[in-house]
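Side-chain atoms are counted along with the backbone in the values below, which use heavy atoms only and exclude waters and symmetry mates. Indexing begins at 1, ligand by ligand and atom by atom, following the structure's order.
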Amino acid sequence: MRAIIIGAGIAGLAAALRLSQIGWDSLIIERAPTRRSGGYGVTFGGIGYDAAERMGILPALLQRAFITEELVYHKPNGERRFSLSRESIAATMGPRSMNILRGDIESVLYERVRDTAEIRFGTTITAVDQDDRAVRVTLSDGGIEHADLLVGADGLHSTTRALVFGPEEDYLLDLEHMVAVYMLDQRPDAIAPGTTGTLSSRGRTVAVISVGDDRNVAFFGYRTKAGTGIRAGGPEKVLPQVYGDLGWVIPETLAGMARADSVYFDTISQVVAPTWSRGRVVLLGDAAWCVTLFAGYGSALAVSGADRLSTELERHGGDIGSALAAWETALRPEVDKKQKLGRRVKGVYAPANPLLLWLTQLPLRLAGLPPVRRYMTRRFIKG
Ligand SMILES: Cc1cc2nc3c(=O)[nH]c(=O)nc-3n(C[C@H](O)[C@H](O)[C@H](O)COP(=O)(O)OP(=O)(O)OC[C@H]3O[C@@H](n4cnc5c(N)ncnc54)[C@H](O)[C@@H]3O)c2cc1C
């Protein structure tokens, strides 16, 4: 059996790895000219952690995970508001969970699939058609490929989804925020090694995350009106406009953007699709169900989704339709739950009202108190 996978992100690479474990061949098509690296820090846990263990990549992921020694919340003038210790952060995350760079999850997967799957960089999909026996994919390099299954793992703005399911505007739900993330080549002096500094002020959040090995991530998230964020211009123009009045580490963090290899800048949008497959074409990861960073679970769903997809394909033999239906039925409740969480968090993320901000930070302040931390640790251990 053969799959064509569009996208070499976490979902696409995890699908290729898991498919190889059930004896399938994969061809991965990636639009970027080379592998992406770095990215941003994600919390990887839950069903993703379980799937990673089953797939045999957990030790490699744990090796690359980073530990935050202290998470410091600042006032807009840079003064410390409150902080969480390493132990309190661990208690809020639970035991089967880790902090890791998105790019490091991809690297671990890439190392495992590079010898078993063909990866074609700098290439994209331009057309799809299918019948009972196969799916036929036309590529931007002029190639035509046939397979038993086409996996659209090409992210939030999936071309596979647009070609097979319909235009993006039918599927994207704009959560009225923008996000910008990039790697900093220098850690601001005010951010101690291994710590995260963050502040929220009037609908804006910024964080600088020191992840060890002299790698640092700059994160910006702010409210916008639906549909206006991207139209306002690129990050070089917009971020100084939105954050320019704030002091602390923000001026030097903004200055670091000019030296970054790449800047991730996009709306925070969910993908809401009534079905994730059409015949021999299936969407996976953000392309199918992007839950957004508000839910903080997209990488876990991408790995678990890939794991369960192969499990169902193996269980149903050559019956692709039944496998995809069983897979979607099993996974959808988890996705729905996380999408609902993402929409709830949207309402309280970086609130403009200072009282609401204080209230939304209250659970974190409480988590820093030793008795609460002990309670949470016990609760996670009990499951
Ligand atoms: C700031 C931020 C913080 C986050 N925090 C967390 C967190 O704490 N926990 C968590 O679990 N998740 C988190 N997430 C979500 C998580 O990063 C994503 O859900 C996950 O990486 C999705 O992976 P993916 O492979 O589906 O999509 P993507 O990472 O978007 O990968 C898609 C791939 O397809 C390629 N591609 C795109 N279009 C084409 C095309 N036409 N042809 C060929 N290739 C194409 C892209 O270049 C890319 O390599 C966060 C996301 C953001 C933005």
*asked:* Under 4.0 Å between a side-chain nitrogen and a carboxylate oxygen: does that hold for R81 and E79?
replied: no

*Can D174 and K346 be counted as an ion pair, charged N to O under 4.0 angstrom?*
no

Tell me which protein heavy atom sits closest to [atom], plus the residue, atom name and distance to 0.1 Å.
atom	value
atom 43 (C) of ligand 1	R31 N, 3.2 Å
atom 14 (N) of ligand 1	V42 CG1, 4.0 Å
atom 25 (O) of ligand 1	A11 N, 2.9 Å
atom 30 (O) of ligand 1	G155 CA, 3.6 Å
atom 42 (N) of ligand 1	T124 OG1, 2.9 Å
atom 50 (C) of ligand 1	Y40 CE1, 3.6 Å
atom 37 (C) of ligand 1	D154 O, 3.3 Å
atom 49 (O) of ligand 1	E30 OE1, 2.6 Å

Which of the atoms in ligand 1, numbered in the order shown and given with their element, are less than 4.0 Å from a heavy-atom of [X]?
X	value
G285	26 (O)
I10	21 (O), 25 (O)
Y264	53 (C)
I29	43 (C), 44 (N)
G9	25 (O), 31 (O), 33 (C), 49 (O)
A153	32 (C), 33 (C), 34 (O)
Y297	9 (N), 10 (C), 11 (O), 12 (N)
A300	11 (O)

Just to verify, which of [options] counts as forming a side chain to side chain contact (heavy atoms under 4.5 Å, CB included) with [X]?
X	options	value
W289	K338, Q339, Q270	Q339
T159	I6, V128, D154, I29	D154
V282	I320, L150, L324	L324

_Looking at every heavy atom in both D148 and R280, which two are closest together, and how far apart are they?_
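Closest pair (atom of D148, atom of R280, distance): O-NH1, 2.8 Å.
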
Mode of [X] contact toward ligand 1 - side chain, backbone, both, neither (heavy atoms, under 4.0 Å):
X	answer
I6	side chain
C290	neither
T123	backbone

*Any chance the rings of Y243 and F220 have centres within less than 6.0 Å?*
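Yes; F220 has its ring centre under 6.0 Å from that of Y243.
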
*For ligand 1, is F44 a contact, meaning one of its heavy atoms is under 4.0 Å away?*
no

*Is it true that N99 lies under 4.0 Å from ligand 1, counting heavy atoms only?*
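Under 4.0 Å: no for N99.
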
Under 3.5 Å, is there a donor-acceptor pair linking the side chains of [X] and [Y]?
X	Y	result
E70	S83	yes
R18	T311	yes
S140	T124	no

Is [Y] reachable from [X] through a run of hydrophobic residues whose side-chain heavy atoms are each under 4.5 Å from the next?
X	Y	result
F44	I10	yes
L172	F265	no
L149	L163	no

*If we only count N/O pairs under 3.5 Å, is G296 in contact with ligand 1?*
yes

_Check: V181 N/O within less than 3.5 Å of ligand 1 N/O_ =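 No, since none of the N or O atoms of V181 sits under 3.5 Å from an N or O of ligand 1.
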
_Could you walk me through whether R102 and S299 satisfy the side-chain contact (heavy atoms from CB on, under 4.5 Å) test, starting with their C-alpha distance in whole Å, then the side-chain angles of each, then the deciding distance to 0.1 Å, before giving a yes or no?_
CA-CA 8 Å; R102 180 196 56 73; S299 58; 6.0 Å; no

_Nearest option to atom 41 (N) of ligand 1, as decided by whichever heavy atom of T159, L109, V179 sits closest_ = T159

